[in-house]
Every structure is written in structure tokens, then in C-alpha cells.
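Residue numbers start at 1 and run along the sequence shown. Just follow the structure's listing: the first ligand is 1, and inside any ligand the first atom is 1.
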Amino acid sequence: MSVVVFAPVSSGNVSVGFDVLGAAFAPIDGTLLGDRVQVYAADSFSIETVGSFAHKLPKDPRQNILFDCYERFALELSNYGKAIKPLAMRLEKNLPVGSGLGSSACSVVAALEGLNVFHDNAFDKQHMLALMGELEGKISGSVHYDNVAPCYLGGMQLMLEEQGIISQAIPHFENWYWVLAYPGINISTAEARSILPAQYRRQDTLAFGRNLAGFVHASYSKQPAIAAGLLKDVIAEPYRAQLIPGFANVREQASQSGALAMGISGSGPTVFVVTDEIEHAQRLQQWLQTNFIQNDDGFCHICQIDARGTRVTGTQL
Ligand SMILES: Nc1ncnc2c1ncn2[C@@H]1O[C@H](COP(=O)(O)OP(=O)(O)O)[C@@H](O)[C@H]1O
Ligand SMILES: N[C@@H](CCOP(=O)(O)O)C(=O)O
């Protein structure tokens with residue numbers, strides 16, 4: 001038996017919802033941007049890594065987050081009186097590490113969903129999401145679901161963490177294009193979290209509440225201009241923008257060209273620019289490729305929200 005699971009790229013925060021809002025994305029050209037994990041029957045456990053960013057992962061397979069996923073899933077099965085089957089795992093690492101694109105979350109989600117499918121869906125989605133958050137927290141320093149939830153469930157996800165519900169989807173604007181540009185350098189999520197203040201001024205917390213509530217309201221009431229206007233980050237961007245070379249230039253270009261919004265994807269260095277015109281998205285993509293991307297590792301995709309989330313794509317990588 002063998003199963004391959006694909007998990008899509010995701011953006012935490014979406015400017016307005018630090019740690020509580022996130023979205024999954026799919027490039028409009030059909031590129032499958034995300035990690036794939038194969039779980040297959042084998043006499044002894046092993047982890048193999050392939051893919052364009054496999055060389056950026058720790059050399060020791062036990063340092064790969066897949067190993068923690070395997071151990072944690074085995075423990076969870078045993079907590080419910082079940083045993084893990086003999087298996088091995090193969091990771092196709094397509095997302096750069098430390099990119100702000102939910103790279104570690106993507107591997108966690110693909111691995112745990114692969115293990116769950118391999119065990120005939122032993123656990124339901126909320127149970128799996130809790131495990132995914134725990135594993136992501138292990139790597140980034142604290143539990144936050146804004147990558148694992150959209151990556152797993154798809155769409156624009158709002159974290160609720162209330163009455164056993166971790167996250168639910170909110171409506172998104174189907175005609176928005178999100179131009180995602182990864183410059184090719186890395187920023188550690190744990191470090192980008194450590195530079196944030198422990199406390200915020202009252203005016204910032206009021207702005208945060210108003211922006212997030214207003215964005216969610218405008219998404220439900222189908223007011224795209226108001227929603228876009230409220231996509232502002234008073235929590236992380238003021239501190240993290242300085243870590244991203246060229247961030248101010250992208251902001252200037254986005255504003256001058258009439259983009260709806262612009263911000264940091266996750267903890268950066270990836271940035272996103274939003275527009276509702278495909279020609280504008282294409283011009284932004286060209287500009288970002290020329291002016292923001294720093295090396296051959298970088299890339300820029302015109303994306304829309306991926307409503308499907310993580311899915312089984314076959315049996316062989
Ligand atoms: N499968 C994996 N995918 C991504 N990162 C991994 C994986 N396994 C281990 N790691 C390690 O986890 C850390 C992830 O860093 P982080 O800044 O959280 O990345 P990201 O923000 O892209 O998720 C890195 O130190 C990386 O070497
Ligand atoms: N809410 C988190 C999101 C981190 O996303 P990543 O893709 O950079 O891991 C944060 O902003 O710290």
C-alpha cells in the first residue's frame with residue numbers, strides 16, 4: 001500500500017490577523033506549489049527527501065519534522081489502543097525553508113495527513129488539526145494554526161479555538177489575485193517572532209481589533225474595497241519590514257500602481273500584493289521578478305485562494 005498527499009503553500013497573518021488568519025494559495029498557471037509526502041509499506045522506517053529545496057533541509061533524517069510527525073502519530077495511535085503499521089516516508093520538498101510560505105507547516109500537514117490516510121483515517125479533521133498545530137509549534141517556538149489550518153482545510157481560515165473548533169473558513173473574494181514573491185533569502189520564523197514586543201500600546205490593540213473585525217465583516221458583506229483597505233498590519237510589519245531588503249520599494253510600487261493591498265506573507269521574507277486585474281498582476285509579477293528577487297532560489301507566482309487544501313494525489317511520487 002502507498003499514498004501520496006499534496007499540501008499547498010499558505011500565508012499566515014494576511015496582514016490583518018496575526019496568528020489568527022491564514023490562507024492557502026494555488027498559482028493560476030496550474031503549478032502545484034507545495035510539498036508532497038508519500039507514505040508506503042516498508043519493513044523498516046526511513047525518511048527520504050527529494051525536490052528542489054530538499055538540499056536546504058537538515059542532513060540527519062531525525063532532524064526532519066517528518067520524524068517528529070511519525071513519532072507523534074504513533075503515540076496518538078497507541079493512546080487509542082492502535083498500533084502504527086510498518087511504513088516509510090518520502091518527502092518532496094518544494095517550498096523553501098524560512099520563507100514565510102508555511103514551509104514547515106506544509107511538510108507537517110502532508111506528513112500527518114499521509115499517515116492518517118495510510119491508517120484508514122483513524123482521526124477526524126479537528127483531531128488532526130490539533131496534532132498539526134502541536135508539531136508546527138515545536139518547530140516555530142509557539143503553537144499557531146494560521147499556516148496549518150488553511151494548508152490542511154483550504155480557503156481563508158479564521159482561528160476560533162472555541163468549543164473544540166480550532167478554525168473555520170470565512171468567504172474570500174474570488175476575483176482577487178495574490179502575487180506572491182519569495183526573494184530567495186531566509187528568515188527564521190522563531191527569530192522573527194522573538195523580535196516582536198511582548199506588549200502593545202492600547203491604540204495598536206484597538207486598531208488590530210477594528211481592522212480584523214472590519215475585514216471579516218467586509219468579507220461576509222461582499223465589500224472588497226473596504227476589505228482591501230483594512231488589510232493593515234499593526235502587530236508584526238512595523239518590526240519585521242526591516243528584515244526584508246526592498247520591502248519599502250515593493251510597498252511604493254504596489255501603491256503607485258494602484259494595488260488593492262500589500263503585506264508580508266507569514267514572517268517573511270515573502271511579500272504579497274493584491275489586485276483584481278490579471279494584467280496588473282502580470283505587471284507586478286514582472287516588476288517583482290526584476291526588482292525584488294535576489295537570487296536563483298527566488299520565485300514569483302500569481303495565485304488565487306486554494307479552496308481545496310490538502311488532498312491525496314495518487315500512490316507514487
Ligand atoms: N520538512 C521540513 N520542512 C521545513 N523545515 C524543516 C523540515 N524539517 C525540519 N525543518 C527545520 O525547521 C525549521 C523551519 O524554519 P521556519 O523558519 O519555521 O520555516 P518556515 O517559516 O518556512 O516554516 C528549519 O530550521 C528547518 O531546517
Ligand atoms: N503567524 C506566524 C506565521 C509564520 O508563518 P511562516 O510561514 O513564516 O512560518 C508569524 O507571523 O510568526
Side-chain angles (χ1 to χ4, degrees), residues 5 7-25 33-38 47-71 89-112 114 132-133 135-151 157-159 167 180 182-197 208 212 233-241 243-244 263-272 297:
V5 166
V9 64
S10 64
S11 242
N13 307 332
V14 198
S15 291
V16 79
F18 184 78
D19 275 3
V20 295
L21 191 69
F25 291 105
L33 187 60
D35 291 351
R36 293 198 299 164
V37 169
Q38 180 181 5
I47 293 173
E48 188 191 340
T49 50
V50 296
S52 43
F53 287 98
H55 64 288
K56 301 274 179 164
L57 293 170
K59 298 275 170 288
D60 178 1
R62 296 177 81 91
Q63 301 290 316
N64 195 306
I65 191 69
L66 258 65
F67 184 76
D68 302 83
C69 290
Y70 169 78
E71 285 205 315
M89 301 172 85
R90 190 174 288 131
L91 165 66
E92 185 185 73
K93 188 70 204 166
N94 299 318
L95 290 186
V97 176
S99 54
L101 292 167
S103 173
S104 48
C106 197
S107 285
V108 164
V109 171
L112 284 173
M132 289 163 182
L135 268 297
E136 166 71 342
K138 196 166 177 183
I139 224 161
S140 65
S142 64
V143 175
H144 56 95
Y145 294 97
D146 54 331
N147 283 117
V148 287
C151 177
Q157 293 282 333
L158 180 67
M159 306 314 126
S167 162
L180 287 179
Y182 166 60
I185 60 167
N186 302 331
I187 291 178
S188 144
T189 304
E191 280 169 34
R193 292 179 80 79
S194 71
I195 64 162
L196 300 180
F208 176 75
L212 180 58
D233 180 355
V234 294
I235 300 294
E237 190 184 299
Y239 309 95
R240 289 175 171 173
L243 304 177
I244 305 173
I264 302 174
S265 174
S267 63
T270 294
V271 296
F272 66 83
D297 280 343

Donor-acceptor contact present, side-chain Asn94 to main-chain Asp35, <3.5 Å: no

Given Ser188, Ser142, Ser140, the one that forms side chain to side chain donor-acceptor pair (under 3.5 Å) with Arg193: Ser142

Side chain or backbone, does Phe18 bring an N or O within less than 3.5 Å of an N or O on ligand 2? no

Report the nearest protein non-hydrogen atom to atom 5 (O) of ligand 2: residue, atom name, distance rounded to 0.1 Å. Asn147 OD1, 2.9 Å

Any N or O of Ser188 closer than 3.5 Å to N or O of ligand 1: no

Out of Asn147, Thr49, Ile65, whose heavy atom sits nearest atom 8 (N) of ligand 1? Ile65

About how many Å separate CD1 of Ile264 and CZ of Phe272, when rounded to the nearest 0.5 Å? 9.0 Å

Are any of the N or O atoms of Ser140 closer than 3.5 Å to those of ligand 1? no

4.0 Å heavy-atom contact, Glu191 with ligand 1: no

With heavy-atom distances below 4.5 Å as the criterion, would you say the side chains of Ser167 and Tyr145 are in contact? no

For Arg240, the ligand 2 atoms with a heavy-atom partner under 4.0 Å come out as 10 (C), 11 (O), 12 (O)

the protein heavy atom lying closest to atom 19 (O) of ligand 1 turns out to be Gly98 N, 3.1 Å

What atoms in ligand 2 come closer than 4.0 Å to a heavy atom of Leu101? 7 (O)

Contact region, Leu57 to ligand 1, non-hydrogen atoms below 4.0 Å, reads side chain

Which residue holds the protein heavy atom closest to atom 9 (O) of ligand 2, what is that atom called, and what is the gap in Å? Thr189 OG1, 3.0 Å

If we only count heavy atoms from C-beta on, is the Val20 to Asp146 side-chain gap below 4.5 Å? no

If you measure every N or O of Asn64 against every N or O of ligand 1, does any of those distances drop under 3.5 Å? yes

Hey, is Glu191 touching ligand 2 through its side chain, its backbone, both or neither, going by heavy atoms under 4.0 Å? neither

Compare all side-chain heavy atoms of Met132 with those of Leu112 and state whether any distance is below 4.5 angstrom. yes

Mind checking whether Thr189 has an N or O less than 3.5 Å away from an N or O of ligand 1? yes

Return a yes/no value for Ser267: is any of its N or O atoms, backbone included, closer than 3.5 angstrom to an N or O of ligand 2? yes

For Leu91, which part has a heavy atom under 4.0 Å from ligand 1: side chain, backbone, both, or neither? side chain

Given 3.5 Å as the limit, does a donor-acceptor pair link the side chain of Ser265 with the main chain of Leu101, or not? no

If I compare all heavy atoms of Leu180 with all of Ser11, which pair ends up nearest, and what's the gap? CD2-OG, 4.3 Å

Are the side chains of Leu196 and Phe18 in touch, meaning some heavy atoms are under 4.5 Å apart? yes

For Asn13, which part has a heavy atom under 4.0 Å from ligand 2: side chain, backbone, both, or neither? side chain

Is Ser267 in polar range of ligand 1, meaning some N or O pair under 3.5 Å apart? no

Protein non-hydrogen atom below 4.0 angstrom of atom 22 (O) of ligand 1 present: yes

Would Gly102 count as a contact residue for ligand 2, given that I'm defining contact as a non-hydrogen atom of the residue lying under 4.0 Å from a ligand atom? yes

Atom indices of ligand 1, in the order listed, that fall short of 4.0 Å to a heavy atom of Ile187: 17 (O)

If we set the cut-off at 4.0 Å for heavy atoms, which region of Ser103 has an atom near ligand 1: side chain, backbone, both, or neither? both

among protein heavy atoms, the one nearest atom 11 (C) of ligand 1 is Ile139 CD1, 3.7 Å

So do the side chains of Ser10 and Phe25 get within less than 4.5 Å of each other, counting heavy atoms only? no

Identify the protein heavy atom lying closest to atom 15 (O) of ligand 1, giving its residue, its atom name and the separation to 0.1 Å. Val97 CG1, 4.0 Å

Salt-bridge present (Lys56, Asp297; N to O < 4.0 Å): yes

Of all the non-hydrogen atoms in the protein, which one sits nearest to atom 10 (C) of ligand 2, and at what distance? Arg193 NH1, 3.2 Å

Looking at ligand 1, is there an atom of it that comes within less than 4.0 Å of some heavy atom belonging to Gln63? yes

Nearest atoms (heavy-atom pairs only) where Met159 meets Gly22: CE-N, 4.4 Å

Contact between Cys106 and Pro8 at the side-chain level, heavy atoms closer than 4.5 Å - yes or no? no

Does some non-hydrogen atom of Gly266 fall short of 4.0 Å from ligand 1? no

Under 3.5 Å between any N/O of Glu136 and any N/O of ligand 2: does that happen in this structure? no

Does ligand 2 have any atom that is closer than 4.0 Å to a heavy atom of Ala236? no

Minimal non-hydrogen separation, Ile187 against Ser267, with atom names: CG2-O, 3.8 Å

Are any non-hydrogen side-chain atoms of Val50 and Leu91 less than 4.5 angstrom apart? no

What atoms in ligand 2 come closer than 4.0 Å to a heavy atom of Gly100? 6 (P), 7 (O), 8 (O)

Would you say Ser103's side chain and Pro96's backbone share a donor-acceptor pair under 3.5 angstrom? yes

Atom 3 (N) of ligand 1 - nearest protein heavy atom and its distance: Lys93 NZ, 3.1 Å

Would you mind checking which non-hydrogen protein atom is closest to atom 27 (O) of ligand 1, with the distance to 0.1 Å? Pro58 CD, 3.5 Å

Please confirm whether Ser103 comes within less than 3.5 Å of ligand 2 when only nitrogen or oxygen atoms on both sides are compared. no

What class does the angle between the rings of Phe53 and His55 fall in, given that below 30° is parallel, 30 to 60° is tilted and above 60° is perpendicular? parallel

Taking the side chain as C-beta and beyond, is there a heavy-atom pair between Leu243 and Pro269 under 4.5 Å? no

Is there a side chain to side chain contact (heavy atoms under 4.5 Å, CB included) between Val37 and Ser107? Walk through the geometry before answering. CA-CA 8 Å; Val37 169; Ser107 285; 5.7 Å; no

